[in-house]
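Bear in mind the structure is a predicted one, so any value in this text is a computation, not a measurement. Along the sequence shown, residues are numbered consecutively beginning with 1.
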Amino acid sequence: MIEASRRKEILAGERSTVYSRGEPLLGGTYTEEEIEAVVKTIRASMDPSVGFGFGVAEIENFEQEFAKFCGVKHAISINGAGTGLDMAMMALDLEPGDEVIVPAINFKAAALSVIGQGGKVVWCDVDERTFQADPEDVERRITPRTRAIYPVHMNGMSSPMDELLEIAERNPHSKHGPLQVVGDAARALGGGYKDTRIGKKGCCTIFSFHTQKNMTTLGEGGALTTDDDELAQRFRAIRQFGAGQGWGTNYKMTKVQAAVGSVQLRRLPEFLDGRRRVAHERHELLAGLPEIILPYEPAECWHSFYLYTCLVPDAWAVEKRNRLISIMSADYGVGCCVANPPQYTQTPYLGKMTPGQDLPRSNRLAERLFCVSMHPTMTTEHNEYICSALIETVEQLRSE
Ligand SMILES: *Cc1c(COP(=O)(O)O)cnc(C)c1O
């Protein structure tokens with residue numbers, strides 16, 4: 001932990017804007033290489049025989065490279081992860097009343113995609129150390145109507161996929177067989193699980209290239225991955241007006257985005273190394289600060305550290321946690337966010353659509369968690385500033 005005198009010195013120095021937001025707006029960063037890829041793709045498209053067509057090398061190459069990176073057979077590029085979540089739920093062919101189990105501590109998108117396809121959201125709790133769907137709790141919530149388990153690889157780390165897949169096998173649906181396990185990896189590109197990358201396990205996985213995520217394709221974009229040939233074909237059809245075989249619309253990304261995606265994917269190890277360097281350095285800078293529980297990385301996971309998720313002690317829930325976030329911002333210019341409260345409270349519509357479901361464990365956890373601004377370009381100086389600010393804030397709150 002940084003000494004008090006050294007903290008004063010560090011905090012007297014210059015502030016940076018890189019840590020001013022809890023979730024910085026730019027996840028991946030751009031170099032001349034991305035800019036050149038954009039210009040080159042636009043120039044080449046000016047040829048009237050070329051145009052901005054879709055069945056083109058830029059998109060095919062990006063999809064192949066992305067599939068290879070995740071270690072899967074198929075990657076299908078799309079215009080955003082929200083779209084991909086909808087497509088994954090469409091492929092389940094839910095009947096009214098069919099249930100999908102979704103962690104309550106989550107972004108709103110997965111639950112919305114269930115409701116969008118006429119399904120019923122059944123919320124589950126998450127593990128207090130990993131923030132991932134708790135397999136025991138998932139199993140307790142299975143009914144004869146359950147069709148799928150829908151873990152989110154929360155804040156950059158993998159869900160316990162093997163446990164969830166085993167539960168899915170053990171509790172088959174009477175008509176459709178084993179439950180499907182669909183992963184929302186919008187925050188978790190590049191994360192590892194056992195000897196695989198996130199995107200390999202489960203029937204399919206959805207990634208986001210939105211501007212805040214681990215890499216980006218000009219602000220929006222996404223991909224689905226799967227090893228299932230039929231499912232891949234279905235996704236490709238839905239993306240392109242149904243391919244004559246069923247319902248579909250236009251969910252495609254542009255070839256300019258795909259060209260940028262190829263460059264970003266080559267640079268992804270650099271982004272991930274940056275996040276992990278900042279996170280591991282932070283673990284050391286904050287070690288020994290008794291009140292703050294630092295992010296936990298189980299042996300079978302390789303965390304991508306999309307967010308740096310911490311907990312305050314039970315006695316600091318709500319009031320002191322909220323004070324901590326406001327002091328960090330007002331006094332030190334460091335952004336923190338709460339990612340995320342249970343979606344039945346954070347998103348009124350989801351509360352309305354899931355009446356009577358209230359999970360005390362998730363409620364309590366959300367009152368204690370906070371994420372300290374994280375970005376792959378942060379330097380040791382940035383990190384020392386952020387950690388000094390956090391230690392000072394905790395000491396102030398301790399004495400109140
Ligand atoms: C960002 C995010 C999404 C939505 O991604 P888009 O590409 O913006 O549609 C979905 N789920 C989670 C967990 C996210 O963080």
Side-chain angles (χ1 to χ4, degrees), residues 16 18-29 69-70 81 103 105-107 126-132 151-161 183-194 196-199 205 207-216 264-265 267-287 289 292-311 325 328 334-340 365 369-387 389-390:
S16 160
V18 75
Y19 43 66
S20 64
R21 284 181 63 115
E23 251 178 301
L25 273 178
L26 186 62
T29 56
F69 178 84
C70 294
I105 299 281
N106 205 336
F107 184 62
V126 302
D127 179 277
E128 288 208 8
R129 295 297 289 114
T130 64
F131 306 102
Q132 309 300 330
V152 52
H153 298 289
M154 199 57 174
N155 294 352
M157 196 166 82
S158 178
S159 284
M161 292 302 283
D184 178 352
R187 296 180 181 173
L189 172 58
Y193 177 71
K194 298 186 179 172
T196 66
R197 282 224 170 93
I198 291 175
T205 307
F207 294 93
S208 171
F209 311 133
H210 175 266
T211 184
Q212 291 177 319
K213 308 300 163 101
N214 285 352
M215 73 166 235
T216 176
Q264 287 269 300
L265 190 59
R267 295 183 56 222
L268 181 62
E270 171 201 322
F271 301 145
L272 296 170
D273 286 351
R275 288 181 185 277
R276 286 177 62 83
R277 172 186 50 77
V278 172
H280 289 150
E281 191 177 73
R282 206 172 271 184
H283 293 348
E284 285 185 17
L285 292 169
L286 296 171
L289 186 62
I292 304 299
I293 300 167
L294 302 178
Y296 171 60
E297 194 176 9
E300 71 268 23
C301 293
W302 194 89
H303 201 321
S304 76
F305 288 104
Y306 173 69
L307 292 173
Y308 190 82
T309 317
C310 301
L311 287 173
I325 293 173
M328 286 288 279
V334 178
C336 297
C337 59
V338 177
N340 298 75
L365 194 62
L369 79 83
F370 69 103
C371 306
V372 185
S373 187
M374 159 62 79
H375 195 266
T377 63
M378 282 174 179
T379 63
T380 297
E381 288 70 41
H382 294 140
N383 225 6
E384 285 178 342
Y385 179 94
I386 292 167
C387 294
L390 184 58

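Contact record, Tyr193 with Cys301: CD1-SG, 4.3 Å, taken as the closest heavy-atom pair. Here the closest heavy-atom approach between residue Gly27 and residue Arg275 is recorded as CA-NH2, 3.8 Å. Pairing each heavy atom of Gly190 with each of Leu272, the nearest pair is CA-CD1, 3.7 Å. Taking all atoms of both residues into account, the shortest heavy-atom contact from Ala279 to Tyr308 is O-CE1, 3.7 Å. Gln212 and Pro24 make their closest contact through CG-O, 3.5 Å (heavy atoms, listed as atom of the first residue, atom of the second, distance). Here the shortest heavy-atom pairing between Gln132 and Met154 reads OE1-N, 3.0 Å.
Shown here are the side-chain hydrogen bond (donor to acceptor under 3.5 Å, both in side chains) partners of Thr380, two or more places apart in sequence or in another chain: Glu281. Looking at residues two or more places apart in sequence or on another chain, you find a side chain to side chain contact (heavy atoms under 4.5 Å, CB included) between Val278 and Arg282, Met374, Met378, Asn383. Under the side-chain hydrogen bond (donor to acceptor under 3.5 Å, both in side chains) criterion, Asn155 pairs with Arg187, Thr309, not counting sequence neighbours. The side-chain hydrogen bond (donor to acceptor under 3.5 Å, both in side chains) check on Thr205 picks up nothing, with sequence neighbours excluded. In terms of the side chain to side chain contact (heavy atoms under 4.5 Å, CB included) criterion, residue partners of Arg197 (sequence neighbours excluded) are, by chain and number, Phe69. In this view, Phe207 and Phe66 satisfy the ring-ring contact (aromatic ring centres under 6.0 Å, His included) rule, not counting sequence neighbours. Not counting sequence neighbours, the partners of Tyr385 by the ring-ring contact (aromatic ring centres under 6.0 Å, His included) test are Tyr19. Applying the side chain to side chain contact (heavy atoms under 4.5 Å, CB included) rule to Thr211 yields the partners Leu26, Thr216; only residues at least two apart in sequence or on another chain are considered. Residues forming a side chain to side chain contact (heavy atoms under 4.5 Å, CB included) with Ala389 (at least two apart in sequence, or on another chain): Leu11, Met328, Tyr332, Val334. With sequence neighbours left out, the side-chain hydrogen bond (donor to acceptor under 3.5 Å, both in side chains) criterion links Thr377 to His375.
The line from CG of Asn340 to SG of Cys371 is 7.5 Å long, rounded to the nearest 0.5 Å. To the nearest 0.5 Å, the span separating CG on Leu265 from CG on Asn214 amounts to 12.0 Å. Atoms CZ and OG1, from Arg277 and Thr379 in turn, are 7.5 Å apart once rounded to the nearest 0.5 Å. Note that CG of Leu189 is 9.5 Å distant from OG of Ser208, once rounded to the nearest 0.5 Å. Atom CD1 of Ile292 sits about 5.5 Å away from atom CG of Leu390, to the nearest 0.5 Å. Put simply, OG on Ser159 and CG on Asp184 are 9.5 Å apart, with the number rounded to the nearest 0.5 Å.
Listed by first then second residue, pairs satisfying salt bridge (Lys or Arg N to Asp or Glu O under 4.0 Å) with a partner in residues 371-383 number zero, not counting sequence neighbours.
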Please output the side-chain donor-acceptor pairs of residues 293-300 that fall under 3.5 Å, not counting sequence neighbours, one pair per line with the distance.
unit_1: Glu297; atom_1: OE1; unit_2: His280; atom_2: NE2; d: 3.4
unit_1: Glu297; atom_1: OE2; unit_2: Arg276; atom_2: NH1; d: 2.7
unit_1: Glu297; atom_1: OE2; unit_2: His303; atom_2: N; d: 2.9

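Using modelled atom types, one side-chain atom of Ser304 and one backbone atom of Gly156 make a donor-acceptor pair closer than 3.5 Å. Between the Ser158 side chain and the Gly192 main chain, no donor and acceptor come within less than 3.5 Å of each other. With hydrogens and angles disregarded, a donor-acceptor distance shorter than 3.5 Å links the side chain of Arg267 to the backbone of Thr29. Judged by distance alone, the side chain of Arg21 and the main-chain N or O of Gly335 form no donor-acceptor pair under 3.5 Å.
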Open item on the list: Walk me through whether His153 and Met161 qualify under side-chain contact (heavy atoms from CB on, under 4.5 Å).
Closed with: CA-CA 10 Å; His153 298 289; Met161 292 302 283; 3.6 Å; yes
Open item on the list: Between Val152 and Ile105, does the side-chain contact (heavy atoms from CB on, under 4.5 Å) criterion hold? Intermediate values first, please.
Closed with: CA-CA 9 Å; Val152 52; Ile105 299 281; over 6 Å; no
- [ ] Evaluate side-chain contact (heavy atoms from CB on, under 4.5 Å) for Leu369 paired with Val338, printing each intermediate quantity in order.
- [x] CA-CA 6 Å; Leu369 79 83; Val338 177; 4.0 Å; yes
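Between Phe271 and Gln264 the shortest side-chain heavy-atom distance falls below 4.5 Å.
The neighbour count for Glu270 CD, taken as heavy atoms of other residues, nucleotides or ligands under 6.0 Å away, is above 12.
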